[in-house]
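We use all heavy atoms of the structure for the numbers below, so side chains are in, but hydrogens, waters and symmetry mates are not. As the structure is a prediction and not an experimental result, all values here were calculated from the model.
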2 protein chains.
Amino acid sequence: MVGGEEAFQAYLGRRGLKKTRQRDAIVREFVKARRHITAEDLHRTVARRHPAIGLVTVYRTLRLLEGAGLAKERRFGKTESCYEPVLGVGHHDHLICTACGGIFEFENVEIEGLQDRVASQHGFLIQDHKLEMYGICRECRKRGERRRR
Amino acid sequence: MVGGEEAFQAYLGRRGLKKTRQRDAIVREFVKARRHITAEDLHRTVARRHPAIGLVTVYRTLRLLEGAGLAKERRFGKTESCYEPVLGVGHHDHLICTACGGIFEFENVEIEGLQDRVASQHGFLIQDHKLEMYGICRECRKRGERRRR
DNA sequence: AGATATATTGAAAACGACTTTCACCTTCAC
DNA sequence: GTGAAGGTGAAAGTCGTTTTCAATATATCT
Ligand SMILES: [Mn+2]
Ligand SMILES: [Mn+2]
Ligand SMILES: [Zn+2]
Ligand SMILES: [Zn+2]
């Protein structure tokens, strides 16, 4: 997410919103964070340096980042959402390991093309799509083999 | 969902569970219902004839149906789950209209084949997948055009 | 710098979709 | 029938997230 912080401040300015210490800290950590971070995890990280910042403000800032087009919310399991940076990261879909929770990303132009075809066959104007595959990742399969012996 | 009721009773018997008036009523309505029904909607329907049946029991029965392999839970939006019959309905994916909430189903063997290829390229053993496309359906597009004039 | 208007904050309460608990009630094998 | 095992609805609890609100920070204007 190159230039995320500047883009965010531009967004705030444009909307008559204010730059605050809390937002700075949260956005900085979000940009540094590994992908697919939950609000709770981001809050934990931010709170190391800024213990007074509340989880609420993290949620609010994530929503702003989303509005600015800088973060994308993802909902994999049935529980928590996680968020990932958008800038500098192209569209992609996900492979999710049901054993270790690991998330792997992929892009497949052929699939996307076929999706478009299906959509237009149905007269649909596509805005977004989500392709998730759930299964056992390579590592967890190895681990399973080992255990079975 | 052909023979859903009998399959359900067989499942109950197999697991030492009991056949009850409530379960009968709920399963009957579920089988009759249109696809993609929420627990709340199913409860409303059931409650017309059986006002004493609680939403809790609907949830519990849906979970049983799922365990019996007769219902599949789907989570489209970010809020409620909905459930659809499994028997007599092959695997399919969904087009969801963000304007009217309509849900359209499709199957595409080519896409599924490519998915398998992507998965095996990553060493993944696939258990399940979900492909959802969000956009504006044909009807809503027409309605939009009309409005714009 | 000081005053002012407006936005932002954290704590606590509310929310929505479920799930669990619990005291009473059915079901069903004997 | 009887009794053990399972099922029931109401109410309370859970979990992630959002809303409310009084106090506070920020940007803008003098
Ligand atoms: Mn990703
Ligand atoms: Mn369907
Ligand atoms: Zn794994
Ligand atoms: Zn529509």
Side-chain angles (χ1 to χ4, degrees), chain A residues 8-30 36-68 71-83 101, chain B residues 5 8-30 36-44 46-68 71-83 101:
Chain A
F8 184 62
Q9 295 194 21
Y11 177 79
L12 292 179
R14 231 178 297 135
R15 308 265 298 225
L17 305 176
K18 290 170 181 169
K19 176 175 176 308
T20 67
R21 282 173 296 108
Q22 291 91 328
R23 286 173 181 171
D24 284 353
I26 293 165
V27 173
R28 192 173 317 120
E29 292 301 331
F30 177 67
H36 309 128
I37 195 169
T38 65
E40 201 102 36
D41 283 345
L42 179 54
H43 176 241
R44 215 185 325 279
T45 307
V46 167
R48 280 208 293 270
R49 282 162 181 281
H50 304 86
I53 294 183
L55 176 57
V56 226
T57 301
V58 172
Y59 273 112
R60 288 193 276 230
T61 306
L62 283 169
R63 209 110 286 123
L64 285 175
L65 283 163
E66 224 186 337
K72 186 157 173 50
E73 183 180 4
R74 300 277 189 183
R75 350 194 66 249
F76 298 127
K78 25 182 71 180
T79 44
E80 283 173 284
S81 287
C82 57
Y83 300 81
Chain B
E5 270 126 322
F8 184 61
Q9 295 194 21
Y11 175 79
L12 292 180
R14 228 178 299 134
R15 307 264 299 224
L17 305 176
K18 291 170 180 167
K19 178 175 176 311
T20 67
R21 283 174 294 110
Q22 290 90 332
R23 285 173 183 172
D24 284 353
I26 293 164
V27 173
R28 192 173 317 120
E29 292 301 332
F30 176 66
H36 309 128
I37 194 169
T38 65
E40 202 102 35
D41 283 345
L42 180 54
H43 177 241
R44 216 185 325 278
V46 168
R48 280 207 294 268
R49 283 162 179 280
H50 304 86
I53 294 183
L55 176 57
V56 224
T57 300
V58 173
Y59 274 113
R60 289 194 274 231
T61 305
L62 283 169
R63 232 168 302 120
L64 285 175
L65 283 164
E66 225 187 334
K72 186 156 172 53
E73 183 180 3
R74 300 278 188 183
R75 349 193 69 249
F76 298 129
K78 26 182 70 183
T79 45
E80 282 173 286
S81 287
C82 57
Y83 299 81

Are any non-hydrogen side-chain atoms of [X] and [Y] less than 4.5 angstrom apart?
{"X": "F30(B)", "Y": "L65(B)", "value": "yes"}
{"X": "T38(A)", "Y": "C82(A)", "value": "yes"}
{"X": "E29(A)", "Y": "R49(A)", "value": "yes"}
{"X": "R44(B)", "Y": "D41(B)", "value": "yes"}

How long is the line joining [atom1] of [X] and [atom2] of [N], in whole Å?
{"X": "E80(A)", "N": "dA17(C)", "atom1": "CD", "atom2": "P", "value": "19 Å"}
{"X": "H50(A)", "N": "dT9(C)", "atom1": "NE2", "atom2": "P", "value": "13 Å"}
{"X": "Y59(A)", "N": "dC15(D)", "atom1": "OH", "atom2": "P", "value": "13 Å"}
{"X": "R63(B)", "N": "dT20(C)", "atom1": "CZ", "atom2": "P", "value": "7 Å"}
{"X": "R75(B)", "N": "dC15(D)", "atom1": "CZ", "atom2": "C1'", "value": "12 Å"}

Using a 4.0 Å cut-off on heavy atoms, which residues in residues 36-44 of chain A reach DNA chain C? List them by number, or say none.
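Heavy-atom contacts with DNA chain C come from no residue of residues 36-44 of chain A; none.
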When rounded to the nearest 0.5 angstrom, what distance separates CD in Q22(B) from NE2 in H50(B)?
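Spacing of CD (Q22(B)) from NE2 (H50(B)) equals 8.5 Å.
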Mind listing the residues from residues 8-24 of chain A sitting with a heavy atom below 4.0 Å of DNA chain D? Number order is fine.
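Output list: K18(A), K19(A), R21(A).
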Closest listed nucleotide, where the reference is the side chain of V56(A) and the choices are dT19(C), dT17(D), dT18(D)
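That would be dT18(D).
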Can you figure out which of dT8(D), dC18(C), dT17(D) approaches the side chain of R60(B) most closely?
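The listed nucleotide nearest to R60(B)'s side chain is dT8(D).
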Which pairs would a plain distance check flag for residues 9-19 of chain B, meaning a side-chain donor or acceptor within less than 3.5 Å of a matching protein atom at least two apart in sequence or in another chain?
residue : atom : partner : partner atom : Å
Y11(B)  : OH   : R15(B)  : NH1          : 3.3
K19(B)  : NZ   : D24(B)  : OD2          : 2.8

Minimum-distance pair of heavy atoms, taken over all atoms of V46(B) and I26(B):
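Where V46(B) meets I26(B) most closely, the heavy atoms are CG2-CA, 3.9 Å.
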Smallest separation among heavy atoms of A39(B) and V58(B), with atom names:
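Here A39(B) and V58(B) meet closest at O-CG1, 3.7 Å.
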Identify whether the distance between the nearest side-chain nitrogen and carboxylate oxygen of E66(B) and R63(B) falls below 4.0 Å.
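Answer for the salt bridge query: no.
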Looking only at side-chain N and O atoms, does S81(A) come under 4.0 Å of OP1 or OP2 in dG16(D)?
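For dG16(D), neither OP1 nor OP2 has a side-chain N or O of S81(A) closer than 4.0 Å.
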Would you classify L55(B) as touching base, sugar-phosphate or nothing, given that sugar-phosphate means primed atoms plus P, OP1 and OP2, and contacts are heavy atoms under 4.0 Å?
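If one applies the 4.0 Å heavy-atom cut-off, L55(B) turns out to touch nothing in the nucleic acid.
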